[in-house]
Structures are given as C-alpha cells and as structure tokens.
J.: 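Can you read through this structure? Questions will come right after.
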Amino acid sequence: MRTTVGIIGGGPAGLLLARLLHRAGIDCVVLEARTREYVEQRQRAGMLEQGTVDALREAGAAERLEREGLVHQGIELRFERERHHIDFPALTGGRTVTIYAQTEIVKDLVALQLADGPPLLYEAEALAVEKPESATPVVRFRHEGRERTLTCDWVAGCDGYHGVSRDAFPAGTARSYAHDYPYSWLGVLAEVAPSGDELIYARGERGFALHSMRSPTVSRLYLQVPNGTDPDDWPDDRIWDELAARFAIDGDWTLHRGPIMSKSVTTMRSYVHEPMRHGRLLLAGDAAHIVPPTGAKGLNLAVSDVRVLARGLTRLHRTGDTQLLDRYSELCLQRVWQATRFSDDMTKMLHAQPDGDAFDHRMQLARLRRITASRHAAAELATNYAGLPLPV
Ligand code: RFL
Ligand code: PHB
C-alpha cells in the first residue's frame, strides 16, 4: 500500500487528522489496532476547550456536538465544606468550555470517515515505523492475519501512550520526562441526572473527588484511590457513600445516586517526549505526552497538536513551504509544557498526599484560599482551564 500520510492510531488525534487532511485534498490511511466497537466505547475525556470545539467545527465534525454539547460557564471548587464558583466568562473575557464525551467525538469522526473519508482499517496493528529519516518511511503492520507494509511520504504517530511510533526515534535523538503520582482515580459512569450544572472539584482529608457529566441523564464521577486499587473492592454503595462524604458542604446540596454502568481505575502520570518529530515521523497526542486528568487537558492537547500538524502538511501540499512543519515540535511543546504545569498544579493542590504532613495540607488550603480570594489568582486558573491560545 502507498499513501501520502500514514496515520497510526484511530483515536481522536488520528481520526481528526485524517478528516482535516481529507478536506485539504491530501490522501491518508488510518491504521487502528482495535475494533471499531472497542474504540467507540472507551470511556475517557469529557471537557472540551473552546479551541477544541472550534477545531472540530473546522473539520466539519461538530454538528451533533453543537446540538448536544453542554456549554459550561465555569467550575466549582469545594474545600472545607464550602463551595466556590469560578466564573470563566467573567475572568477570561467571555470564554466557556463544553462537556461532550470523547466517545461521542470518536463516533462522529468515524461516521464521517466511513461515509466519504480515506481508508480506516480496524484490527490493523502497526508493528514498527521504518526509515523515518528517508523520503519514504514505511509502516509495517499486521492485518487479517498477514504482515503488510504502508509506504508513506509522512507518518503521523497518533497511537497513544502505549503505541509503537515513539520507538522509531533512534537512541540519542530524543529525551523523555516523566512523573508518577502516588494515587489513582476510580472513575464511574452512572445512569443518573448530574447533581448540579457545573463540574465540581472537591478537596478534603478523605481525598479528591470530581463530579462531571456526560448528558442531562448520565453522570461521570471520580474518586482519588490508592495506587493498585481493585475496582471490585468498591461496591456501588461504598462508592456513593464516599462521594457523598467528599462532596459534603455546610448548606443545601444532595448527591443524586443511581445505577453504576461502569467502573475503572486509572493511574496518574505526566510524560513528555522531546522532540515530537524525527525526520518524516511526527507524533501527536498521547503518543508524545500525557498529563494527569485533573486539568482535563489530554484530549485538548491532542487536538491542538493535530491542528498544527494538519496546517503544516496542508501548507506543504499547497505551496511546498515546510516552515510550519519544521517548527512543529517547538510550536506544540510550548503548549504541552504549559498544560503539563497546569495539570500538575491542579493535581497537587487537590489530592490528599499519602505521605503528606500538616504543612503540605496547609499549603494546599492556602493555594485554594488564594484562588477564591483574589480575582487575579482565579483568572489564572480560569485562563489555563478554558485553554491557552492555540499555537496556529
Ligand atoms: P488515544 O485515545 O489513546 O488513541 C490512540 C489510538 O491508537 C491505537 N493504537 C494503535 N493503532 C495501531 N497500531 C498500534 N500499534 C497502536 N497502538 C495504539 C489505540 O487503540 C487507540 O485507538 O490517543 P489520542 O488520540 O492521542 O487521544 C488522547 C486522549 O484519548 C486522552 O488524552 C484523553 O482521554 C485524556 N483525558 C482527558 N482529556 C481531556 O482533554 N479532557 C478530559 O476531561 C479528560 N479526561 C482523560 C480524562 C483520560 C482519562 N484516562 C482514562 C486516561 C479522563 C480519564 C479517566
Ligand atoms: C470527565 O468528564 O471525564 C472529566 C472532566 C474533567 C476532568 C477530568 C475528567 O478534569
């Protein structure tokens, strides 16, 4: 097989890139290791920055998102049994965020791709990227029991954190930075109306809790749990009781309980791979960087990488100018490091430190108090949460 851009991975990054390239008249092929059903059901992100919504609109993939997405004007912070609203439009000059599940973005992009898009092969597992320094890099992959090759002008590694693209950087050409956090999240999807209009980030001595949502009838909730937690140790009643205790405030508020449809535990990690390009291989999204979910940045970063990559390839295709592609890694990494910093700050401010002492605890409270007392500090949080400007 031969194509202009070989895309490894049919998650949000790979699918959006395929869509943007297709609209620019550039041919590509997407190889996805898993089945369509698996990719469409994988529970992950929910919070979209305005820039992400704009990018999906630009790709012609925002029709249902515009109808069903829930526009949020801010978030709520809870600590010491108090609630504090952070008003995004007031603090950021009018910006908002949108709740729309990653599963739905993937479904929308897959439907478009299968209707009129370039080939999207499921159960096509990339094994290796070869000759990334040459003018015709090759992706070796397994499909329908056979080993095959895809010869490309460019390869986009959109294969997530556990993918193979990163391995094609020869020793000495890249460096990675990683940090593991001493806690995980137990995430549940519940068939019950959200208990409020906004996301709630709660910090307490029992640990962090997050109340998010997927629709007016489905809630998404998370609890900080120790690393190594088995979800089976958390029967539904225990989950609801713990959530109720962590969200408790002085004043009127009730947590709505309902049937839990799924449960899973996620570890928390920061990771950045530099640079994001080697020869004609370019990494995008989780393949190049991951952040702890507390800042809700992972999917948004994947989309902003893809936007730069699609613009770079489009400019090259139209004018032969490689300037944007040459600056790909540098442009993306500026935003990646800022999102990593923000996610790390949010994570450390809101989670109970397993080995933390009374001083650490006071520092967390002082940080939270500063945000609720100072418009300047609140604006700093709101600006980062709602999304820093896109690089292009
Ligand atoms: P993905 O989604 O992991 O997709 C990669 C795809 O590549 C495929 N693949 C391969 N295909 C072919 N050959 C191979 N060798 C392959 N190896 C892998 C995989 O099957 C997969 O389909 O990466 P992508 O596209 O970069 O997208 C990134 C996002 O998925 C991720 O950053 C977010 O989900 C992170 N995240 C959040 N991000 C946000 O912006 N806002 C949020 O509110 C938010 N909440 C979250 C999150 C992630 C979470 N978890 C589970 C880690 C909440 C959670 C709990
Ligand atoms: C989600 O809705 O899954 C979600 C929202 C905000 C976060 C993390 C996850 O910070």
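Heads up: numbering here begins at 1 and tracks the sequence. Counting convention: from 1, in listed order, for ligands and their atoms alike. All of these numbers come straight from a predicted model, not from anything done at the bench.
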J.: Using non-hydrogen atoms of the residue, decide whether Ala124 is closer than 4.0 angstrom to ligand 1.
T.: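 Distance cut 4.0 Å: Ala124 passes for ligand 1.
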J.: Short list, please: which atoms of ligand 2 are under 4.0 Å from a heavy atom of Thr294?
T.: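 Listed by number with element, the hits are 10 (O).
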J.: Looking at side-chain heavy atoms only, is the closest gap between Val155 and Arg280 below 4.5 Å?
T.: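 Counting from C-beta outward, Val155 and Arg280 never come under 4.5 Å.
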J.: Ligand 1 versus Ile8, non-hydrogen atoms closer than 4.0 Å: side chain, backbone, both, neither?
T.: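 The side chain, only.
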J.: Go through ligand 2 atom by atom and flag the ones less than 4.0 Å from a non-hydrogen atom of Leu199.
T.: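 Once the distances to Leu199 are compared, the set is 5 (C), 6 (C).
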J.: Contact between ligand 2 and Arg214 is defined here as a heavy atom of the residue under 4.0 Å from a ligand atom; is it met?
T.: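 Per 4.0 Å heavy-atom rule, Arg214 contacts ligand 2.
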J.: Give me the nearest non-hydrogen protein atom to atom 25 (O) of ligand 1 as residue plus atom name, then the distance to 0.1 Å.
T.: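 Looking at atom 25 (O) of ligand 1, the protein heavy atom closest to it is Ala13 N, 2.9 Å.
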J.: Starting from atom 22 (O) of ligand 1, what is the nearest protein heavy atom, named by residue and atom, and what distance separates them?
T.: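 For this ligand atom, the closest protein heavy atom is Glu32 OE1, 2.6 Å.
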J.: Would you check the N or O atoms of Trp185, main chain and side chain alike, for any that come under 3.5 Å of an N or O of ligand 2?
T.: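 No; the residue has no nitrogen or oxygen that sits under 3.5 Å from a nitrogen or oxygen of the ligand.
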J.: What atoms of ligand 1 come closer than 4.0 angstrom to any heavy atom of Gly46?
T.: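 The atoms of ligand 1 under 4.0 Å from a heavy atom of Gly46 are 42 (C), 43 (O).
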J.: Hey, which atoms in ligand 2 end up nearer than 4.0 Å to a heavy atom of Ala296?
T.: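 Going through ligand 2 atom by atom, the ones under 4.0 Å from Ala296 are 6 (C), 7 (C), 10 (O).
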J.: Using a plain distance cutoff, I'd like to know if Gln43 has any nitrogen or oxygen under 3.5 Å from a nitrogen or oxygen of ligand 1.
T.: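 Between Gln43 and ligand 1 (N or O atoms, distance only) the closest approach is not under 3.5 Å.
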J.: Identify, for atom 27 (O) of ligand 1, the protein heavy atom at the shortest distance, and state residue, atom and that distance.
T.: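 Checked against all protein heavy atoms, atom 27 (O) of ligand 1 sits closest to Pro12 CG, 3.6 Å.
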J.: Provide, to 0.1 Å, the distance between atom 2 (O) of ligand 2 and the closest protein heavy atom, together with that atom's residue and name.
T.: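 The closest heavy atom on the protein side is Ser212 OG, 2.6 Å.
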J.: Check whether any N or O atom of Ala33, backbone or side chain, sits under 3.5 Å from an N or O atom of ligand 1, and answer yes or no.
T.: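 Yes, there is a polar N/O contact under 3.5 Å.
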J.: Within ligand 1, which atoms have a heavy atom of Cys158 less than 4.0 Å away?
T.: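 So the answer, numbered in order with elements, is 5 (C), 6 (C), 7 (O).
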J.: Which atoms from ligand 1 have a heavy atom of Lys297 less than 4.0 Å away?
T.: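 Near Lys297, the atoms of ligand 1 are 39 (C), 40 (O).
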J.: Out of Asp159, Asp286, Thr267, whose heavy atom is nearest to atom 31 (C) of ligand 1?
T.: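 Checking each option, the heavy atom nearest atom 31 (C) of ligand 1 is found in Asp286.
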J.: What residue and heavy atom of the protein are closest to atom 30 (O) of ligand 1, and at what distance?
T.: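 For atom 30 (O) of ligand 1, the nearest protein heavy atom comes out as Gln102 NE2, 2.7 Å.
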J.: Under a 4.0 angstrom heavy-atom cut-off, which atoms of ligand 1 come close to Thr266?
T.: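 Here the atoms of ligand 1 in question are 50 (N), 51 (C), 52 (C), 55 (C).
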J.: Closest by any non-hydrogen atom to atom 21 (C) of ligand 1: pick that one out of His162, Arg42, Met47, Arg34.
T.: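 It is Arg42 that holds the nearest heavy atom.
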J.: Without hydrogens or angle criteria, can the side chains of Arg203 and Gln364 be said to hold a donor-acceptor pair below 3.5 Å?
T.: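 Present: a donor and an acceptor within the cut-off.
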J.: Would you say that Val303 contacts Glu49 through its side chain, given a criterion of any heavy-atom pair below 4.5 Å between the two side chains?
T.: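 A side-chain contact under 4.5 Å is absent here.
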J.: Please determine, by modelled atom types, if Tyr222 and Tyr201 share a side-chain donor-acceptor pair under 3.5 angstrom.
T.: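 Absent: no donor and acceptor within the cut-off.
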J.: Has ligand 1 got any nitrogen or oxygen that is less than 3.5 angstrom from a nitrogen or oxygen of Tyr222?
T.: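 In fact, backbone or side chain, Tyr222 has no N or O that close.
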J.: Any idea which atoms of ligand 1 are less than 4.0 Å away from a heavy-atom of Leu299?
T.: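 Within the 4.0 Å cut-off of Leu299, ligand 1 contributes 31 (C), 32 (O), 33 (C), 35 (C), 38 (N), 39 (C), 40 (O).
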J.: Going by the order shown, which atoms of ligand 1 are within less than 4.0 Å of some heavy atom of Glu125?
T.: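 Every atom of ligand 1 under 4.0 Å from some heavy atom of Glu125: 13 (N), 15 (N).
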J.: Of Tyr222, Tyr100, Tyr201, which has the heavy atom at the shortest distance from atom 6 (C) of ligand 2?
T.: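 Ranked by closest heavy atom to atom 6 (C) of ligand 2, first place is Tyr201.
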J.: Mind telling me whether Phe169 and His278 have parallel, tilted or perpendicular rings, with 30° and 60° as the class edges?
T.: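 Judged by the thresholds at 30° and 60°, the geometry between His278 and Phe169 is tilted.
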J.: Examine the side chains of Thr4 and Asp27 and answer whether a donor and an acceptor come within less than 3.5 Å of each other.
T.: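 A pair is found: one side chain offers a donor N or O, the other an acceptor, under 3.5 Å apart.
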J.: Is the closest side-chain donor-acceptor distance between His84 and Glu82 under 3.5 Å?
T.: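 Glu82 and His84 do have a side-chain donor-acceptor pair below 3.5 Å.
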J.: Can you report which non-hydrogen protein atom sits closest to atom 14 (C) of ligand 1, along with the distance?
T.: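 Going atom by atom, the protein heavy atom closest to atom 14 (C) of ligand 1 ends up being Ala126 N, 3.7 Å.
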J.: Which residue supplies the protein heavy atom nearest to atom 36 (N) of ligand 1, what is that atom called, and how far is it?
T.: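 Result: Ala45 CB, 3.7 Å.
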J.: Considering the heavy atoms of Gly285, write down every atom of ligand 1 situated less than 4.0 Å from one of them.
T.: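 The list of qualifying atoms is 26 (O).
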J.: Any idea which atoms of ligand 2 are less than 4.0 Å away from a heavy-atom of Pro293?
T.: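 Near Pro293, the atoms of ligand 2 are 7 (C), 8 (C), 10 (O).
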J.: Before we go on, tell me: are the rings of Tyr177 and Trp337 under 6.0 Å apart, centre to centre?
T.: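 When the ring centroids of Tyr177 and Trp337 are compared, they turn out to be within the sub-6.0 Å range.
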J.: Go through ligand 1 atom by atom and flag the ones less than 4.0 Å from a non-hydrogen atom of Gly160.
T.: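 Contacts of ligand 1 toward Gly160, numbered from 1: 3 (O), 5 (C), 23 (O).
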J.: Ligand 2 versus Leu210, non-hydrogen atoms closer than 4.0 Å: side chain, backbone, both, neither?
T.: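 Under 4.0 Å from ligand 2, Leu210 contributes side-chain atoms alone.
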J.: For Arg44, is the nearest heavy atom under 4.0 Å from an atom of ligand 2?
T.: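 So Arg44 counts as touching ligand 2.
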J.: For atom 41 (N) of ligand 1, what is the nearest protein heavy atom, given as residue, atom name and distance?
T.: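 Of every protein heavy atom, Ala296 O, 3.2 Å lies nearest to atom 41 (N) of ligand 1.
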J.: State the CG-CD1 distance between Leu210 and Ile200, to the nearest 0.5 angstrom.
T.: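 It is 8.5 Å, given to the nearest 0.5 Å.
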